[in-house]
Amino acid sequence: MAYQKKRAIFVDDKPLFVIMTLDNMLNFTVGPVMSSDAVRAVGGQQVPYFRTAEFSATMLENERLMLRFAKAPQGSRAVFITGSGTASMEAVVMNLFSDRDKVIVVNGGSFGHRFVQLLDIHRVPFAEIKLEMGRQLRSEQLAPYEGQDYTGFLVNLDETSTGVLYDIQLISDFCRRNGLFLAVDSISSFLADPFDMAALGVDVMITGSQKALACPPGISVVVMAPRAVARANASECRTMYLNLRDALKNGERGQTPFTPAVGTLRQIHARLKEIERAGGVEKENERAARLAADFRQKIKGLPLEIVSESLSNAVTPLHPLHGSAYDIFLKLKDEYGIWICPNGGDMAEKVFRVGHLGALTPEDNTTLVEALSAVL
């Protein structure tokens, strides 16, 4: 049965209810997000066979554009893994770190905790900097780790569960002083927030297809600077599917070791070309910043509190001053056909999140704010 509900659209401050389907839903989550017509059109095509020169050309251009938009240093490589962002997080931990390392990891929410779990599973020695919800990382929290023979640093640039954008310049300076290998999960912030891999000395950047790339989920990307490429090629990691050395070798000819999500990779190509035509990564950063600022301006006066000390353009985390955050998520979904992003665990009743990624407009923000006003 087709998804169908009623949604209220406000005309002259009066609600006009229309039938809502998946085609006219409004999605303000942080992934999957709204895709452009061009990306959706590719998704409706037959999926071609992929061991061909044509698909290799598509993949080589995907890599070229990913390196350009990440501002990766000369000699960098990008590999595309068929798996969610967690697959690439695990691939990085497995391939680029070992029991001979001593890693610092920032844990400020669900995704920082995921890095902690991965390091523990793969028996990589680590020290954890645990932050309170919504708090920024500060220099005094890094000070105890100065000159202590650590070898690596892992951080989720935008801790999506709490909406905190960490001070990547602070982290970069610390890692350079201490000679640390820096791996950054930029799954939510890539294309939404300014990021210069070369200037920051970042060795690895991870992102995913369903965030600001605004494609279906299923592909994650690992962008590796030369130092990371060298580590991957020297790795003794025991894995088949997540072997970065194997992925790099196959990538030289525009291929992947195993059957990838071919359709999604073609959609990523359409989206990267779309960004290129629109003016590149800077224009995409500006667009996300405008959408975020517009939404935050429009919610002033509502009984909502922004809970992050340092906001990404990708998402606004909100605590309702009255009622349940999860109930607000359900009401918007079930009564208005508008999806925001709930939280899990201890934050389920306290915080919901509104994303500013994908094919959204200021007019869509207005529709959401009017629905929020009614629900609150």
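Heads up: numbering here begins at 1 and tracks the sequence. In this text the structure is predicted, and so the values were computed from the model without any measurement.
Classification of E370 and K298 as a salt-bridged pair fails, no side-chain N sitting under 4.0 Å from a carboxylate O. Salt bridge annotation for D173-R176: absent, with no cationic side-chain nitrogen under 4.0 angstrom from a carboxylate oxygen.
When the side chain to side chain contact (heavy atoms under 4.5 Å, CB included) test is applied to R135, the partners found at least two apart in sequence or on another chain are E132, E309. With sequence neighbours left out, F352 forms a ring-ring contact (aromatic ring centres under 6.0 Å, His included) with no residue at all. Q45 pairs by the side chain to side chain donor-acceptor pair (under 3.5 Å) definition with R266, not counting sequence neighbours. Scanning for ring-ring contact (aromatic ring centres under 6.0 Å, His included) contacts around F55 gives an empty result, with sequence neighbours left out. C237 pairs by the side chain to side chain contact (heavy atoms under 4.5 Å, CB included) definition with M94, N95, S235, T239, not counting sequence neighbours. Legend: residues meeting ring-ring contact (aromatic ring centres under 6.0 Å, His included) with Y326, ordered by chain and number and at least two apart, are F329. Take F195 and apply the ring-ring contact (aromatic ring centres under 6.0 Å, His included) test, not counting sequence neighbours, and it matches no residue. Take S35 and apply the side chain to side chain donor-acceptor pair (under 3.5 Å) test, not counting sequence neighbours, and it matches no residue. Looking at residues two or more places apart in sequence or on another chain, you find no side chain to side chain donor-acceptor pair (under 3.5 Å) involving S139.
Of the possible donor and acceptor atoms, none in the side chain of K102 sits under 3.5 Å from a partner among the backbone N and O of D149. Put simply, the side chain of N156 never gets that close to the backbone of E159: no donor and acceptor are under 3.5 Å apart. Put simply, the side chain of H356 never gets that close to the backbone of A288: no donor and acceptor are under 3.5 Å apart. In this structure, R296 contributes its side chain and L291 its backbone to no donor-acceptor pair below 3.5 Å. In this structure, S88 contributes its side chain and V222 its backbone to no donor-acceptor pair below 3.5 Å. At distances below 3.5 Å, at least one donor-acceptor pair connects side-chain atoms of R353 with backbone N or O atoms of P342. A donor-acceptor pair is defined here as one N or O able to donate and one able to accept, closer than 3.5 Å; such a pair exists between the side chain of Q141 and the backbone of R138. In this structure, the side chain of T160 engages the main chain of D158 through a donor-acceptor pair within 3.5 Å. No donor-acceptor pair under 3.5 Å is formed between the side chain of S209 and the backbone N or O of C215. D203 contributes a side-chain N or O that, together with a main-chain N or O of L182, makes up a donor-acceptor pair within less than 3.5 Å.
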Could you check D364 against T367 for side-chain hydrogen bond (donor to acceptor under 3.5 Å, both in side chains), going step by step and ending with a plain yes or no?
CA-CA 5 Å; D364 294 329; T367 301; 5.2 Å; no
Chi angles and distances behind the side-chain contact (heavy atoms from CB on, under 4.5 Å) call for L213, L272
CA-CA 8 Å; L213 273 172; L272 291 171; 3.7 Å; yes
Using the rule given for side-chain contact (heavy atoms from CB on, under 4.5 Å), can you reason through V369 versus L302, listing the C-alpha separation, both sets of side-chain angles and the distance that settles it, and then say yes or no?
CA-CA 9 Å; V369 172; L302 294 183; 4.2 Å; yes
CA sep, side-chain torsions, deciding dist, call: I206, M89, side-chain contact (heavy atoms from CB on, under 4.5 Å):
CA-CA 7 Å; I206 304 167; M89 291 169 72; 4.2 Å; yes
Can you list the steps and then say if F28 with F295 is a ring pair (Phe, Tyr, Trp, His ring centres under 6.0 Å)?
CA-CA 11 Å; F28 288 89; F295 173 76; 7.1 Å; no
Please evaluate residues D294 and R290 with respect to the criterion side-chain contact (heavy atoms from CB on, under 4.5 Å), reporting the C-alpha separation (whole Å), side-chain torsions for both, the decisive distance (0.1 Å), and the verdict.
CA-CA 6 Å; D294 176 76; R290 284 196 302 272; over 6 Å; no
Trace of the side-chain hydrogen bond (donor to acceptor under 3.5 Å, both in side chains) decision for N178 with E146
CA-CA 7 Å; N178 291 277; E146 293 275 4; 2.9 Å; yes
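Under the 4.5 Å side-chain heavy-atom criterion for grouping Ile, Leu, Val, Met, Phe, Trp and Tyr, I306 is not connected to M347 through any hydrophobic cluster. Neither V223 nor F115 shares a network with the other; the hydrophobic side chains, linked directly or stepwise wherever heavy atoms of I, L, V, M, F, W or Y lie under 4.5 Å apart, form separate groups for each.
Two residues are said to be in side-chain contact when any heavy atoms from C-beta on lie closer than 4.5 Å; F190 and V221 fail this criterion. Considering only heavy atoms from C-beta on, I219 comes within 4.5 Å of I268 through its side chain. At least one side-chain heavy atom of V375 sits less than 4.5 Å from a side-chain heavy atom of L332.
For K249, the NZ atom is loosely surrounded, since the number of other residues' heavy atoms within 6.0 Å does not exceed 12. Sparse packing is recorded around CZ of R238, with 12 or fewer heavy atoms of other residues, nucleotides or ligands lying under 6.0 Å away. Atom NZ of K331 has 12 or fewer neighbouring heavy atoms from other residues, nucleotides or ligands inside a 6.0 Å radius. Heavy atoms from other residues, nucleotides or ligands lying under 6.0 Å from CD of E236 number 12 at most.
In the hydrophobic clustering (ILVMFWY side chains linked at under 4.5 Å, chained through shared members), L357 is joined by V33.
Taking the ring axis of F181 as reference, the NZ or CZ atom of R231 stays within 45° of it and closer than 6.0 Å to the ring centre.
There is no side-chain donor-acceptor pair under 3.5 Å between T256 and N250. One side chain, R114 or T86, offers a donor N or O that lies under 3.5 Å from an acceptor on the other.
With S308 as the fixed residue, the side chain to side chain contact (heavy atoms under 4.5 Å, CB included) test singles out one of T162, V164, L318: V164.
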Hey, can you pull the donor-acceptor pairs under 3.5 Å for the side chains in residues 274-281, sequence neighbours left out?
unit_1 : atom_1 : unit_2 : atom_2 : d
E274   : OE1    : S36    : OG     : 3.4
E274   : OE1    : R271   : NH1    : 3.0
E274   : OE2    : S36    : OG     : 2.9
E276   : OE1    : K273   : NZ     : 3.1
E276   : OE2    : R68    : NH1    : 3.2
E276   : OE2    : R68    : NH2    : 3.2

Contacts table for residues 117-130: side-chain donor-acceptor under 3.5 angstrom, sequence neighbours left out:
unit_1 : atom_1 : unit_2 : atom_2 : d
H122   : NE2    : E90    : OE2    : 2.6
E128   : OE2    : N107   : ND2    : 2.6

